[in-house]
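Data first, discussion second: the structure below is written as structure tokens.
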Amino acid sequence: MPEFVLPAGWTSRTLAAVRRKLLAWFDAHRRDLPWRADRDPYRIWVSEVMLQQTTVAAVVPYFERFLASFPTVAALAAADEQAVLRHWEGLGYYRRARHLHRAAKDLAAAHGDALPDDPAVWAELPGVGPYILGAVMSQAFDRKLPIVEANSLRVLSRWFGYRGDPREGAGKKWVWKAAAAVLPTARVGDFNQALMELGALVCSPTAPACGTCPVAKWCEANRLGLQAQIPPATKAKKTVEVREVAVVIRDGAKVLLCRRGPDASRWANMWEVPHGEAVAGETVEAAVRRVARELTRLDVTSGPELVTIRHGVTRFAITMTCLEAIRKAGTYHSDFYAEGRWVDPHDLKDYPVSSPQRRLADELTRASRQLRLI
DNA sequence: AACCCGGGGCG
DNA sequence: CGCCCAGGGTT
């Protein structure tokens with residue numbers, strides 16, 4: 001695939017005209033979003049992290065709450081990590097929050113509350129890749145750095161009629177070159193946001209509104225009628241089935257949670273096992289029974305809760321047999337492991353989790369109450 | 001290059 | 001139910 005070159009017939013004046021057109025459209029149609037109120041690099045940074053793989057509508061309330069609790073980078077740096085993670089519950093991709101917190105500590109220690117106008121500093125921060133670097137630098141400091149994300153990728157490849165896959169290999173290079181080539185020398189941040197805003201509001205993945213697009217008359221995909229083919233559809237991801245088991249029997253000690261790989265017969269890993277090392281090759285059921293027996297000194301013969309997880313979608317097939325076994329022991333109760341922490345079933349009622357998890361939580365809570373375990 | 005991470009919205 | 005979303009890190 002060729003490197004980025006302007007289409008035949010384009011001059012620097014054409015490019016300048018298109019830039020003006022897009023910026024004017026942005027001025028008229030930009031959404032009023034909370035992180036667009038000013039050019040505070042901290043607010044912009046937080047918004048960009050939240051917006052990773054997450055829709056604008058989903059982010060807005062989280063952004064408001066987060067900024068109310070952690071209004072400055074110093075406030076975030078001083079916060080407890082569990083407090084930060086609680087503000088993230090329901091957003092997903094929790095590593096983003098940990099990286100953000102860690103990076104805030106680094107920045108606050110080195111620069112206080114005055115975030116540096118220095119790409120080299122930002123590029124070293126955990127969780128800051130090429131996109132967030134360009135986004136923060138251009139929006140907060142008007143530095144001339146490009147951004148490429150799902151929207152601008154679609155806009156640019158349609159605009160210039162790129163026929164390869166701009167997400168991989170040579171296509172990735174091409175789209176970053178294109179994003180850099182179209183940048184104006186002023187209002188860089190606005191221009192980057194205009195590309196994304198156009199992708200979000202007009203140049204949508206399916207059925208783009210080319211009739212109202214401010215740059216349609218310079219768009220190769222529009223001219224050739226190839227909007228549906230550019231960019232090419234993403235390859236379907238293989239569905240991997242994983243079986244997980246979560247059990248804890250608390251008597252001062254916690255036992256837990258292993259995960260089986262696709263072969264569904266062996267332990268893939270153990271996440272936290274203060275008690276109950278799994279023997280290699282031991283089945284889930286056998287190990288949990290053995291550990292439960294050791295802790296309760298009762299003969300626990302029934303199996304554990306089984307949790308089936310498919311890619312991206314979580315489905316549960318639950319048996320409450322282990323809970324019943326615990327009830328027989330009389331003095332124990334169960335906990336549930338969710339989003340990286342141990343959660344008491346009682347607290348799961350208000351825990352922000354997806355609906356399948358919610359059903360599991362409700363079931364556990366109900367069962368626990370009936371069994372007077374709490 | 002392939003894979004992992006999460007949850008919601010939408011057709 | 002399957003695809004998509006203001007990506008980055010790890011292997």
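FYI, side chains are in, hydrogens and waters are out, and symmetry mates aren't considered; it's all heavy atoms of this structure.
- When heavy atoms are screened at a 4.0 angstrom cut-off, A:Trp45 is found touching no nucleic acid atom at all.
- Counting only residues at least two apart or on different chains, the side chain to side chain donor-acceptor pair (under 3.5 Å) pairs with a member in residues 143-152 of chain A are A:Asp117-A:Arg143, A:Glu149-A:Asn151, A:Glu149-A:Ser152, A:Asn151-A:Arg154.
- Note on A:Glu149: only backbone sugar-phosphate atoms sit closer than 4.0 angstrom, heavy atoms only; bases stay farther off.
- Atoms OG1 and CD, on A:Thr206 and A:Gln227 in that order, are 12.0 Å from each other to the nearest 0.5 Å.
- Taking atom NE2 of A:His99 as the reference point, atom C1' of B:dC5 lies 11 Å away to the nearest angstrom.
- For B:dG6 and C:dT10, the P atoms lie 14 Å apart once the distance is rounded to whole Å.
- For A:Lys173 and A:Glu3, the salt-bridge test fails: no basic side-chain N is under 4.0 Å from an acidic carboxylate O.
- Under 4.0 Å is where a charged nitrogen must lie from a carboxylate oxygen, and between A:Asp40 and A:Arg43 no such pair does.
- The stretch residues 188-212 of chain A comes close to DNA chain C through A:Gln193, A:Met196, A:Pro205, each having a heavy atom under 4.0 Å from the strand.
- When heavy atoms are screened at a 4.0 angstrom cut-off, A:Ser152 is found touching no nucleic acid atom at all.
- Nearest approach of A:Leu145 to A:Ser138, heavy atoms of both residues: O-CB, 4.0 Å.
- Each of C:dG7, C:dG9, C:dA6 was ranked by its minimum atom distance to the side chain of A:Gln52; first place goes to C:dG7.
- Distance check on atom P: C:dC3 versus B:dC3 gives 16 Å, rounded to whole Å.
- In this structure, A:Tyr62 places its OH atom 7 Å from P of B:dG8, rounding to the nearest Å.
- Projected onto DNA chain C by closest heavy-atom contact, A:Trp35 and A:Leu125 fall at different nucleotides, the more 5' of which corresponds to A:Trp35.
- For the atom pair CD1 of A:Ile132 and CH2 of A:Trp45, the computed distance is 9.0 Å after rounding to the nearest 0.5 Å.
- Residue A:Tyr93 has its side chain nearest to B:dC5 when only B:dC5, C:dG8, C:dA6 are considered.
- Here B:dG9 presents its P atom at 12 Å from CG of A:Leu91, a figure rounded to the nearest Å.
- Interface residues of residues 133-147 of chain A facing DNA chain C, ordered by number: none; criterion, heavy-atom separation under 4.0 Å.
- If you measure from atom CG of A:Leu51 to atom C1' of B:dG6, you get 15 Å, rounded to the nearest angstrom.
- For A:His87 (side chain) and A:Ala97 (main-chain N/O), no donor-acceptor pair under 3.5 Å exists by modelled atom type.
- Of the N and O atoms on the side chains of A:Thr54 and A:Arg96, at least one donor lies less than 3.5 Å from an acceptor on the other residue.
- B:dC10 and C:dA6 have their P atoms separated by 13 Å, given to the nearest Å.
- A:Arg95 has its CZ atom 6 Å from the P atom of C:dT10, to the nearest Å.
- In this structure the side chain of A:Trp159 never reaches within 4.5 angstrom of the side chain of A:Cys203, judged on heavy atoms.
- Distance A:Arg102 CZ to C:dG9 P: 13 Å, rounded to the nearest Å.
- Distances shorter than 4.0 Å separate none of the side-chain N or O atoms of A:Arg154 from OP1 or OP2 on C:dC4.
- Residue A:Thr55 has no polar side-chain atom (N or O) positioned under 4.0 Å from OP1 or OP2 of C:dC4.
- Comparing A:Arg96 and A:Glu168 by the nucleotide of DNA chain B whose heavy atom lies nearest to each, the residue mapping closer to the 5' end is A:Glu168.
- The CD atom of A:Glu124 sits 14 Å away from the C1' atom of C:dG8 (whole-angstrom rounding).
- For A:Gln52 and A:Tyr131, the side-chain atoms include no donor-acceptor pair closer than 3.5 Å.
- Residue contacts for A:Val59: at a heavy-atom cut-off of 4.0 Å it reaches no nucleic acid atom on any strand shown.
- Between A:Trp88 and A:Phe66, the ring planes are perpendicular. Angles over 60° get that label, and only those under 30° would be called parallel.
- Base contact: A:Arg36 has a heavy atom under 4.0 Å from a base atom.
- In this entry the distance linking CD of A:Gln53 with P of C:dC3 reads 15 Å, nearest Å.
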